[in-house]
J.: 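Let me begin by handing over the structure; questions about it come next.
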Amino acid sequence: MTEARDDATDATDASDATDATDPSAGGERARRLAKVAALRARGVDPYPVRFDRTHTSAEVLEHWGHLEAGAESGDVVRVAGRVVLLRRMGKLTFATVRDGSGTIQLFVSLAVLGDDGFAAFDDLDLGDWVGAVGTVMKTRKGELSVQVDEWCLLAKAVRPLPDKWHGLSDTDTRFRQRYVDLIANEDARRIFAVRFAVIATVREFLRDRRFVEVETPVLHEQAGGAAARPFTTHHHALDLPLSLRIALELHLKRLLVGGMERVFEIGRVFRNEGLSTRHNPEFTMLECYEAFADYTDMMTLTEELVAECARVATGGTVVDVDGVTVDLTPPWPRRPMLDLIEEHAGVRVHPGHPVAELEAACDRAGVPREAGWGPGKLVLELYEKTVEPNLAGPVFVLDYPREVSPLARTHRDDPELVERFEAVVLGRELANAFSELTDPVDQRERFEAQARLAAAGDDEAHGVDDDYVRALEFGLPPCGGLGIGIDRLVMLVAGVQSIREVILFPHLRPEVGDDAGPPVL
RNA sequence: GCGCCUCUAGCUCAACUGGUCAGAGCAAGUGACUCUUAAUCACUAGGUUCAGGGUUCGAGUCCCUGGGGGCGUACCA
């Protein structure tokens with residue numbers, strides 16, 4: 001028994017009263033808080049200001065990984081990380097320490113540190129952050145290690161780590177306390193590494209093609225660019241109702257009017273709708289616009305971009321999502337929507353057909369419909385209910401009804417259709433793109449049609465954006481636009497089924513209970 | 001919003017049809033151990049079985065209400 005341990009034990013006893021009301025980890029948190037007090041009493045700061053690190057664990061492996069078992073390099077390094085495993089052997093302790101790059105073993109011996117230093121190291125708990133100074137060596141069993149000459153506590157953890165083998169699997173806790181998930185679960189760290197790689201790849205890919213990254217407002221006077229219910233808020237000083245954006249589209253196209261020929265934005269958008277494995281109220285959207293291009297150019301861009309993300313994230317263009325293999329290698333098939341409906345529902349429809357006929361087609365296909373839907377909406381419903389869920393993909397679904405696409409250019413060959421596609425993978429929309437509508441008169445009419453829907457009670461339709469039409473009146477060059485849900489792209493290349501797995505802090509109902517409350521001291 | 005499933009120690013999980021059933025592993029405490037690798041070994045402690053009602057001689061188990069989560073569905077161009 002060392003003096004330090006005596007202090008800690010006494011302090012624990014002194015704070016026994018807190019145990020009964022401590023909501024976390026039984027008495028473990030109180031015990032560790034008592035250690036913090038004991039450290040301070042000895043003049044040790046359990047939360048010091050900084051540490052000079054010379055090497056990450058990966059760098060130690062890179063430079064000294066070749067050492068022979070049992071060899072000492074003689075090179076001194078300073079490493080830092082969280083203690084995730086401890087193996088105490090009496091006068092020798094092995095600690096596995098993890099930093100952002102991996103893990104490194106600390107080799108800690110009584111003979112080197114002396115009684116006090118060794119006893120203090122023995123007082124560490126799993127989860128504590130430490131900094132260590134020592135010689136790089138390899139144990140007789142061949143484990144690369146730092147033989148510790150000096151060390152210090154960098155941050156005391158007062159809550160215990162989850163099970164070191166089984167990790168943390170409770171989804172509620174994993175998402176609410178993502179920090180614990182990231183500590184405990186290798187797969188969580190992997191998924192977010194994929195996410196960061198995908199976003200970096202998108203930026204690099206588009207910059208290589210001379211797209212300029214821009215930032216546009218999140219607060220809109222009038223939400224537009226998509227069919228969705230916005231969140232609303234209020235600006236106090238201006239006494240102005242505002243909406244959070246539901247898309248990036250309208251501002252980006254204004255920039256093309258201004259002469260910026262290729263722009264993109266990766267930004268958060270917000271939609272006030274239900275939650276599911278595929279929907280989070282706020283999610284990250286990529287939109288890019290290219291002057292003088294049309295939707296066929298956007299198809300090429302899409303398949304190349306997605307394939308490149310998959311290559312960077314996984315090394316190849318064939319991904320596996322829960323046992324289902326998807327080959328993302330370009331080119332992807334391009335199929336008109338009306339052909340697909342004919343294949344899957346056995347009926348040749350067209351948005352130019354009479355409403356009664358299309359309603360009958362829906363009824364025969366067992367697709368529920370609402371009174372008042374126009375022909376375009378009926379055709380779209382037929383597609384979404386009978387075709388989309390069955391498309392393994394990747395596939396480009398081409399040429400949507402004009403009525404349901406108020407921002408897309410009328411099709412060059414068919415006035416009832418627009419030049420629009422969605423990329424579908426595993427029955428889900430991954431990308432949405434058009435040859436953009438550039439005619440200000442046509443655009444105003446489309447907006448007015450939406451405004452009539454809104455007036456009729458459709459809370460996902462929006463009114464006329466006068467400033468946007470004014471911008472078009474200055475001349476929007478012919479252009480193609482593309483939107484990709486980054487979260488869904490990450491899900492695809494990371495091979496996960498829930499959007500919550502790829503969002504660091506997914507939206508959940510408010511937490512109940514007192515575990516997150518103030519410390520009981 | 002609706003339907004189904006689920007909630008047991010800090011973590012991961014047990015407990016046949018209601019009947020010594022509140023248990024195990026990890027984590028924690030004590031002890032042994034100078035080459036471990038999820039270290040090992042011995043001992044110890046740890047619970048409002050999500051909350052509140054109810055049925056019963058008896059409820060972790062059955063019923064009701066509420067809460068969290070999951071899945072499906074609706075909504076989601």
Side-chain angles (χ1 to χ4, degrees), chain A residues 1 5 8-9 12 19-20 22-32 69-70 84-96 103 105-112 118 125-127 137-145 147 158-176 180 183-184 225-229 246-247 271-281 283 368 376-377 379-381 383-384 388 400-408 418 420 422 428-429 432 434 450 453 458-461 483 485 497-498 500 508-513 515:
Chain A
M1 277 287 260
R5 187 170 297 287
T9 305
T12 300
D19 286 13
D22 188 336
S24 68
E28 179 65 5
R29 181 160 167 249
R31 196 183 64 78
R32 294 194 186 195
V84 291
L85 290 171
L86 279 167
R87 294 173 291 281
R88 291 174 167 133
M89 311 268 314
K91 298 187 179 70
L92 186 63
T93 292
F94 299 91
T96 301
T103 61
Q105 176 169 272
L106 301 184
F107 181 102
V108 183
S109 87
L110 175 64
V112 174
F118 191 76
D125 291 295
L126 293 181
M137 51 90 77
K138 210 170 230 183
T139 63
R140 287 175 215 160
K141 295 285 177 60
E143 180 75 23
L144 187 65
S145 308
Q147 180 162 15
V158 299
R159 296 198 187 224
L161 261 33
D163 190 293
K164 68 185 178 188
W165 187 242
H166 298 99
L168 177 69
S169 63
D170 182 81
T171 50
D172 189 21
T173 310
R174 285 187 49 228
F175 298 147
R176 286 189 201 282
V180 182
I183 293 170
R229 272 175 69 180
I246 56 175
R271 297 187 182 179
N272 206 339
E273 55 200 30
L275 295 85
S276 78
T277 49
R278 289 167 292 282
H279 298 85
N280 197 62
F283 59 100
K377 174 71 174 166
V379 168
L380 182 68
E381 277 306 299
Y383 161 72
E384 287 190 343
E388 191 176 61
Y400 280 60
R402 187 174 187 270
E403 168 195 333
V404 297
S405 311
L407 298 164
V418 291
R420 170 182 173 191
E422 288 191 2
R428 299 173 196 159
E429 170 195 345
N432 183 22
F434 331 127
Q450 290 294 303
L453 290 175
D458 183 344
D459 49 18
E460 288 164 5
Q497 294 278 30
S498 170
R500 288 190 262 266
L508 300 170
R509 286 185 169 78
E511 185 173 1
V512 294
D515 184 55

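In the text below, chain A, chain B and the rest are named by the order of the sequence lines, each starting its count at 1. A quick note: this is a predicted structure, and the numbers were derived from the prediction, not measured.
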J.: Check every strand shown and say whether A:L161 touches a base, only sugar-phosphate, or nothing at a heavy-atom separation below 4.0 Å.
T.: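 No contact.
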J.: Quick one: pull up CG in A:L126 and CG in A:L85 and give me the separation to the nearest 0.5 Å.
T.: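 Those atoms lie 7.0 Å apart.
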J.: Quick one: which of B:rC35, B:rA28, B:rG69 gets closest to the side chain of A:E28?
T.: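 Nearest nucleotide to the side chain: B:rA28.
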J.: Looking at CD of A:E143 and CE of A:M137, how far apart are the two atoms once the value is rounded to the nearest 0.5 Å?
T.: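 Going from CD on A:E143 over to CE on A:M137, the span is 10.5 Å.
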J.: Taking the C1' atom in each of B:rC63 and B:rG47, what is the distance between them to the nearest angstrom?
T.: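 To the nearest whole Å, 25 Å.
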J.: Which is more 5' along RNA chain B, the nucleotide nearest A:F107 or the one nearest A:S498? Just name the residue.
T.: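 Comparing both residues, the 5'-ward one is A:F107.
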J.: Distance check, P atoms only: B:rU12 and B:rG18, in whole angstrom units.
T.: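 The answer is 29 Å between these two P atoms.
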J.: Spell out, as yes or no, whether a donor-acceptor pair under 3.5 Å connects the side chain of A:T173 to the backbone of A:S169.
T.: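 Side chain of A:T173 to backbone of A:S169, a donor-acceptor pair under 3.5 Å: no, none is there.
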J.: May I ask you to verify if any side-chain N or O of A:S169 is less than 4.0 angstrom from the OP1 or OP2 atom of B:rC13?
T.: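 For B:rC13, OP1/OP2 do have a side-chain N/O of A:S169 under 4.0 Å.
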J.: Of the listed nucleotides (B:rC35, B:rA77, B:rG10), which one gets closest to any side-chain atom of A:P160?
T.: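 Within the option list, the nearest is B:rG10.
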J.: Just checking A:L86: base, sugar-phosphate only, or nothing, at a heavy-atom cut-off of under 4.0 Å?
T.: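 The residue A:L86 makes sugar-phosphate contact but no base contact.
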J.: Under 4.0 Å from OP1 or OP2 of B:rC26: is there any side-chain N or O of A:K164 that close?
T.: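 Indeed not, no polar side-chain atom of A:K164 lies that close.
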J.: Give the rounded distance in Å between these two atoms: CG of A:L168 and P of B:rA27.
T.: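 Interatomic distance, CG of A:L168 to P of B:rA27: 16 Å.
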J.: Please give, in whole Å, the distance from B:rU40 C1' to A:F94 CZ?
T.: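 It works out to 13 Å between those atoms.
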J.: Do the non-hydrogen side-chain atoms of A:K164 and A:V84 ever get within less than 4.5 Å of each other?
T.: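 Counting from C-beta outward, A:K164 and A:V84 never come under 4.5 Å.
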J.: Any non-hydrogen side-chain atom of A:E403 less than 4.5 Å from a side-chain atom of A:K377?
T.: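 The answer is yes, as the side chains (C-beta and beyond) meet within the 4.5 Å cut-off.
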J.: Identify whether any heavy atom of A:P401 sits under 4.0 Å from a base atom; if not, whether one sits that close to sugar-phosphate; answer base, sugar-phosphate or nothing.
T.: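 Counting heavy atoms under 4.0 Å across all strands, no contact is made by A:P401.
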J.: Mind checking the P distance from B:rC11 to B:rU65? Whole angstroms is fine.
T.: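 29 Å, rounded to whole Å.
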J.: Rounded to whole angstrom units, what separation is found between the NZ atom of A:K91 and the C1' atom of B:rG31?
T.: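 These atoms are roughly 13 Å apart.
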J.: If I pick the P atom on B:rG10 and the same atom on B:rG54, what distance separates them, to the nearest angstrom?
T.: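 After rounding to an integer number of Å, I get 27 Å for this pair.
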J.: Rounding to a whole Å, what distance do you find between A:L106:CG and B:rC35:P?
T.: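 It is 18 Å, rounded to the nearest whole Å.
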J.: Which dot-bracket notation, 5' to 3', represents the base pairing of RNA chain B when pairs are defined as Watson-Crick or G-U with both distances under 3.5 Å, crossing pairs as [ ], and inter-strand pairs as |?
T.: (((((((..((((.....[...)))).(((((.......))))).....(((((..]....))))))))))))....
J.: Taking atom P in both B:rA59 and B:rU37, what distance in whole Å separates the two?
T.: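 Roughly 47 Å separates the two P atoms.
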J.: Which part of the nucleic acid, if any, lies within contact of A:G167, taking any heavy atom under 4.0 Å across all strands shown: a base, the sugar-phosphate backbone alone, or nothing?
T.: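 Sugar-phosphate, no base atom in range.
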J.: Respond yes when some side-chain nitrogen or oxygen of A:R176 is under 4.0 Å from OP1 or OP2 of B:rG69, and no when none is.
T.: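 A:R176 to B:rG69 OP1/OP2: side-chain N or O found under 4.0 Å.
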J.: Taking atom C1' in both B:rG72 and B:rA77, compute the distance separating them and give it to the nearest angstrom.
T.: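 Rounded to whole Å, the distance is 23 Å.
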J.: Need one value for A:R271: base, sugar-phosphate or nothing, where a base atom within 4.0 Å counts as base even if backbone is also close, heavy atoms only.
T.: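 Here A:R271 touches the backbone only, sparing every base.
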J.: Given B:rC71, B:rG10, B:rC33, identify the nucleotide with an atom nearest to the side chain of A:M89.
T.: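 Selected nucleotide: B:rC33.
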J.: Quick one: which of B:rC35, B:rA28, B:rG68 gets closest to the side chain of A:L126?
T.: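 Comparing B:rC35, B:rA28, B:rG68 against the side chain of A:L126, the answer is B:rA28.
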J.: For A:E273 and B:rC75, give me the distance from atom CD to atom P, rounded to whole Å.
T.: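 After rounding, the gap between these two atoms is 12 Å.
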J.: Taking atom CG of A:L92 and atom CZ of A:R87, what is their separation to the nearest 0.5 Å?
T.: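 Going from CG on A:L92 over to CZ on A:R87, the span is 10.5 Å.
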J.: Which of the following nucleotides, B:rG72, B:rA77, B:rA27, is nearest to the side chain of A:T277?
T.: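 So the side chain of A:T277 is nearest to B:rG72.
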J.: Counting side-chain heavy atoms from CB outward, which of B:rG70, B:rU37, B:rC35 is closest to A:F175?
T.: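 Comparing B:rG70, B:rU37, B:rC35 against the side chain of A:F175, the answer is B:rG70.
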J.: Using the side-chain heavy atoms of A:D125, tell me which of these nucleotides is nearest: B:rA39, B:rG29, B:rC11.
T.: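 Of the candidates, B:rG29 comes closest.
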J.: B:rC35 C1' sits how many Å from A:Q105 CD, rounded?
T.: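 The distance from CD of A:Q105 to C1' of B:rC35 comes to 8 Å, rounded to the nearest Å.
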J.: Within the structure shown, what part of the strands sits under 4.0 Å from A:G225 by heavy-atom distance: base, sugar-phosphate, or nothing?
T.: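 Here A:G225 touches the bases of the nucleic acid.
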J.: Identify which nucleotide among B:rG69, B:rC35, B:rU73 has an atom closest to any side-chain atom of A:R278, counting heavy atoms from C-beta outward.
T.: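 Within the option list, the nearest is B:rU73.
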J.: Verify whether one side chain among A:R500 and A:N280 offers a donor that lies under 3.5 Å from an acceptor in the other.
T.: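 No.
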J.: Between OH of A:Y400 and CZ of A:F434, what distance do you get to the nearest 0.5 Å?
T.: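 Spacing of OH (A:Y400) from CZ (A:F434) equals 10.0 Å.
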J.: With a 4.5 Å limit on heavy-atom distance, are the side chains of A:T139 and A:Q105 in contact?
T.: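 A:T139 reaches A:Q105 side chain to side chain.
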J.: Could you tell me how far apart A:W165 (CH2) and B:rA39 (P) are, to the nearest whole angstrom?
T.: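 Value for this atom pair: 10 Å.
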J.: Roughly how far apart are A:D125 CG and A:R31 CZ, rounded to 0.5 Å?
T.: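 Spacing of CG (A:D125) from CZ (A:R31) equals 5.0 Å.
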J.: Do A:D163 side-chain and B:rG25 base share a donor-acceptor contact under 3.5 Å?
T.: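 Flag set: donor-acceptor pair detected.
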J.: Between B:rA77, B:rC26, B:rC11, which nucleotide has the shortest distance from any of its atoms to the side chain of A:A227?
T.: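 The listed nucleotide nearest to A:A227's side chain is B:rA77.
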J.: I need the A:F118 CZ to A:R88 CZ distance, nearest 0.5 Å.
T.: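 One finds 8.5 Å between CZ of A:F118 and CZ of A:R88.
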J.: On a whole-Å scale, what distance lies between the P atoms belonging to B:rC75 and B:rU17?
T.: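 Straight-line distance between the two P atoms is 40 Å.
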J.: Does a nitrogen or oxygen in the side chain of A:R31 sit under 4.0 Å from OP1 or OP2 of B:rG29?
T.: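 Checking B:rG29 against A:R31, a side-chain N or O does come within under 4.0 Å of OP1 or OP2.
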J.: Rounded to the nearest angstrom, tell me the gap between atom NE2 in A:H166 and atom P in B:rA14.
T.: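 Those two atoms, NE2 and P, are 11 Å apart.
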J.: Would you indicate, yes or no, if B:rC71 has its OP1 or OP2 atom less than 4.0 angstrom from a side-chain nitrogen or oxygen of A:R500?
T.: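 A:R500 to B:rC71 OP1/OP2: side-chain N or O found under 4.0 Å.
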J.: Which part of the nucleic acid, if any, lies within contact of A:T171, taking any heavy atom under 4.0 Å across all strands shown: a base, the sugar-phosphate backbone alone, or nothing?
T.: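 Sugar-phosphate: the residue A:T171, judged by heavy atoms under 4.0 Å, touches backbone atoms but no base.
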J.: For the C1' atoms, the ones on B:rA22 and on B:rU40, what distance do you get once it is rounded to whole angstrom?
T.: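 To the nearest whole Å, 29 Å.
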J.: To the side chain of A:A111, which of B:rG10, B:rU34, B:rA77 is closest?
T.: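 Nearest to the side chain of A:A111 among the choices is B:rU34.
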